[in-house]
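Below you'll find the structure, written out as structure tokens, and then a few comments.
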Amino acid sequence: MRTYLVTGGAGFIGSNYIHYMFRKYDTEIRIINVDSLTYAGNLENLQDIENRENYTFIKADICDKEAMEKIFEENDIDRVVHFAAESHVDRSIRNPEVFVQTNVLGTAVMLNAAKKAWEKEDGTYLENKKFLHVSTDEVYGSLPDDENAFFYETTPLDPHSPYSASKASSDMLVKAYMDTYKFPANITNCSNNYGPYQFPEKLIPLMINNALQGKSLPVYGDGKNVRDWLYVDDHAKAIDMVQEQGKLFERYNIGGHNEKQNIEIIEIILETLLEILPEDDPRRANVGKQLITYVEDRKGHDRRYAIAPDKIKKDIGWYPETMFKDGIKLTIKWFLENEEWMKNVTSGDYQKYYSEMYK
Ligand code: NAD
Ligand code: TYD
């Protein structure tokens, strides 16, 4: 039975990945989820699987070397899937240090702990051990408004925000471990994800939540920045395929072939809400374009991200399966059915964050 160590499994993508893996492998695998439960980590995301015999949750900080080494000493870990990170660009602009701490130092601690556990005396590694570093397309910087320009695996790293700079640093550390120690790893760089359990500081869940409450929809700058949106289950599938079918030491870009301007996303959310909400639902009255409010632009706002997921398609056969029109419906339905989840994550500290961020 393969044992997975998933870091950051209580966050958005990590929890969707854990659900995906149990749906796919059921009792064939064991998953240990290590997460320090920052504002973004939420065990409610995993309630339905928390009692599985083949699942363990450990509350710990990935920067805690002793705690990480202990996990490797006590468990025969076969796969590391490293999601844990500070993940929000706006927060990184306001408070960069914690991004360096978790994303750079935390990754170094994870790499060291895995290397220590897996490396044999002759410098080779125990068989079939693999580390996958989950990264972002934001490390490549920003593309011009030219439909033919894409990020490739060979695109030089050129991060602009403290978030993307910290992720680029962690990518380089993983690369250094592969180059120097032949450490068995892969790096994946994925475009913007959307789906259930996404924290409402990111564009899509924030707009859904605000629209349902009749609150203004804050659009940064001219609203024409472009992101390439991928349904989170497709990302989970790609990670698993890279780990099992990819070539070790390779970097794979994962993208949705779904570039949209922010303003288009907001309009689609409003249309879809009106399509899905029942005629007699009182929240319908709130939903409309009058909520759209242009606000000051994000500092250093990257103009456009777009991935050409050619390599992962050619080498592994992965492609984005979920059309945006279907994925956004699934996502909005999930948020409508999980109002309690939204209430819980937006109580307390979220209010403070929101009023400071959008004042
Ligand atoms: P998230 O913010 O929703 O979740 C991050 C998780 O990491 C949380 O559960 C948090 O508690 C945990 N965490 C944070 N600091 C920790 C620490 N020091 N020790 C242990 N756990 C800690 O993030 P997400 O959107 O799920 O992103 C997951 C990963 O995927 C990140 O590495 C991110 O850079 C990458 N990524 C995200 C996107 C996206 O669109 N969200 C796209 C590409 C790549
Ligand atoms: P976000 O979800 O924060 O992801 P990222 O910055 O990592 O791509 O933002 C997606 C896009 O939406 C980005 O161009 C910034 C924009 N945006 C807004 O216009 N308003 C908002 O309130 C937020 C959170 C984002």
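Note that the numbering runs from 1 along the sequence shown for the chain. One-based numbering, in listed order, for ligands and for the atoms of each.
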**OP:** State the atoms of ligand 1, each with its element, that fall below the 4.0 Å cut-off from a heavy-atom position in Ser135.
**Re:** 43 (C), 44 (C)
Subject >> Qualifying residues under side chain to side chain donor-acceptor pair (under 3.5 Å), relative to Thr188, sequence neighbours excluded >> reply: none
**OP:** State whether the shortest distance between N or O atoms of Val34 and N or O atoms of ligand 1 falls below 3.5 angstrom.
**Re:** no
**OP:** State whether Phe22 and Arg52 meet the cation-pi test: NZ (Lys) or CZ (Arg) under 6.0 Å from the six-membered ring centroid, and within 45° of the perpendicular axis.
**Re:** yes
Original post:
Based purely on interatomic distance, does Ala84 place a nitrogen or oxygen under 3.5 Å from a nitrogen or oxygen of ligand 1?
Top reply: no
**OP:** Using the ring pair (Phe, Tyr, Trp, His ring centres under 6.0 Å) rule, pick out the option among Tyr194, Tyr20, Phe324 that qualifies with Tyr231.
**Re:** Tyr194
Original post:
Is the closest N or O pair between Glu201 and ligand 1 shorter than 3.5 Å?
Top reply: no
Original post:
What residues form a salt bridge (Lys or Arg N to Asp or Glu O under 4.0 Å) with Lys260, not counting sequence neighbours?
Top reply: none
Original post:
Which bit of Asn103 is near ligand 1, meaning a heavy atom under 4.0 Å away: side chain, backbone, both or neither?
Top reply: neither
Original post:
Taking NZ, NE, NH1 and NH2 as the nitrogens, is one of them in Arg2 or Glu244 under 4.0 Å from a carboxylate oxygen of the other?
Top reply: yes
Original post:
How about Phe199 and Tyr39: are their ring centres within less than 6.0 Å of each other?
Top reply: yes
Subject >> Parallel, tilted or perpendicular: ring planes of Trp118 versus Phe183, cut at 30 and 60 degrees >> reply: parallel
**OP:** Kindly indicate whether a cation-pi arrangement holds for Arg298 with Tyr220, taking the cut-offs as under 6.0 Å to the six-membered ring centre and within 45° of the axis.
**Re:** no
Original post:
For atom 9 (O) of ligand 1, what is the nearest protein heavy atom, given as residue, atom name and distance?
Top reply: Asp35 OD2, 2.5 Å
Original post:
Salt bridge check: are Asp171 and Lys175 linked by an N-O gap of less than 4.0 Å?
Top reply: no
Subject >> Tyr197 touching ligand 1 at heavy-atom level, < 4.0 angstrom >> reply: no
Subject >> Close approach of Gly9 to ligand 1, heavy atoms, under 4.0 angstrom >> reply: no
Original post:
Got a donor-acceptor contact below 3.5 angstrom from the Asn286 side chain to the Leu212 backbone?
Top reply: yes
**OP:** Please identify which atoms of ligand 1 are closer than 4.0 Å to at least one heavy atom of Tyr163.
**Re:** 33 (C), 34 (O)
**OP:** Considering the heavy atoms of Leu37, write down every atom of ligand 1 situated less than 4.0 Å from one of them.
**Re:** 11 (O)
Original post:
Is any N or O atom of Asn42, backbone or side chain, closer than 3.5 Å to an N or O atom of ligand 1?
Top reply: no
Original post:
Taking atom 19 (N) of ligand 1 as the point of reference, which of Ile62, Asn189, Thr188 owns the nearest heavy atom?
Top reply: Ile62
Subject >> NZ/NE/NH1/NH2 to OD/OE distance under 4.0 Å, Glu127 and Lys120 >> reply: no
Original post:
Quick one: does Gln198 get an N or O within less than 3.5 Å of an N or O on ligand 1?
Top reply: no
Subject >> Minimum-distance protein heavy atom relative to atom 2 (O) of ligand 1 >> reply: Ser87 OG, 2.7 Å
Subject >> Side chain to side chain, Val80 and Ile77, heavy atoms closer than 4.5 Å >> reply: yes
**OP:** Is it possible for you to check whether Lys182 lies under 6.0 Å from the centre of the six-membered ring of Tyr125, through NZ or CZ, and within 45° of that ring's axis?
**Re:** no
Subject >> Numbered atoms and elements of ligand 1 in range of Lys167, under 4.0 angstrom, heavy atoms >> reply: 31 (C), 32 (O), 33 (C), 34 (O)
**OP:** Please list, by chain and number, the protein residues whose heavy atoms come under 4.0 Å of ligand 2.
**Re:** His88, Val89, Glu138, Asn192, Glu201, Lys202, Leu203, Leu206, Met207, Pro218, Val219, Tyr220, Asn225, Arg227, Asn262, Arg298, His301, Tyr305, Tyr358
**OP:** Could you tell me the residue and atom name of the protein heavy atom closest to atom 21 (N) of ligand 1, and the distance to it rounded to 0.1 Å?
**Re:** Ser36 N, 3.1 Å
**OP:** Specify the protein heavy atom at minimum distance from atom 30 (O) of ligand 1: its residue, its atom name, and the distance to 0.1 Å.
**Re:** Val134 CG1, 3.5 Å
Subject >> atom 42 (C) of ligand 1: nearest protein contact (heavy atom, Å) >> reply: Ser191 O, 3.3 Å
**OP:** For atom 27 (O) of ligand 1, find the nearest protein heavy atom and state the residue, atom name and distance (0.1 Å precision).
**Re:** Ile13 CD1, 3.8 Å
Original post:
For ligand 1, is there an atom lying under 4.0 Å from some heavy atom of Ser15?
Top reply: no
Original post:
Against heavy atoms of Asn192, which atoms of ligand 1 measure under 4.0 Å?
Top reply: 40 (O)
**OP:** Return the set of residues passing salt bridge (Lys or Arg N to Asp or Glu O under 4.0 Å) with Asp158 (not counting sequence neighbours), or none when no residue passes.
**Re:** none
Subject >> Candidates Tyr17, Trp334, Phe12 - the one meeting ring pair (Phe, Tyr, Trp, His ring centres under 6.0 Å) with Tyr197 >> reply: Trp334
**OP:** Give the C-alpha distance, both sets of side-chain angles, the deciding distance and a yes or no for salt bridge (Lys or Arg N to Asp or Glu O under 4.0 Å) between Lys129 and Asp78.
**Re:** CA-CA 5 Å; Lys129 304 289 189 190; Asp78 300 297; 3.0 Å; yes
Original post:
So which heavy atom in the protein is nearest atom 28 (C) of ligand 1, and how far is it from that ligand atom?
Top reply: Phe83 O, 3.6 Å
Subject >> Protein residue, atom and distance nearest to atom 43 (C) of ligand 1, heavy-atom basis >> reply: Cys190 O, 3.3 Å
**OP:** Please confirm whether Asp61 comes within less than 3.5 Å of ligand 1 when only nitrogen or oxygen atoms on both sides are compared.
**Re:** yes
Subject >> Asp64 CG to Asp61 CG distance, which is reported to the nearest 0.5 Å >> reply: 6.5 Å
**OP:** Give the numbers and elements of all ligand 1 atoms closer than 4.0 Å to a heavy atom of Ala60.
**Re:** 19 (N), 20 (C)
**OP:** Just say parallel, tilted or perpendicular for the rings of Phe150 and Tyr152, cut-offs at 30° and 60°.
**Re:** perpendicular
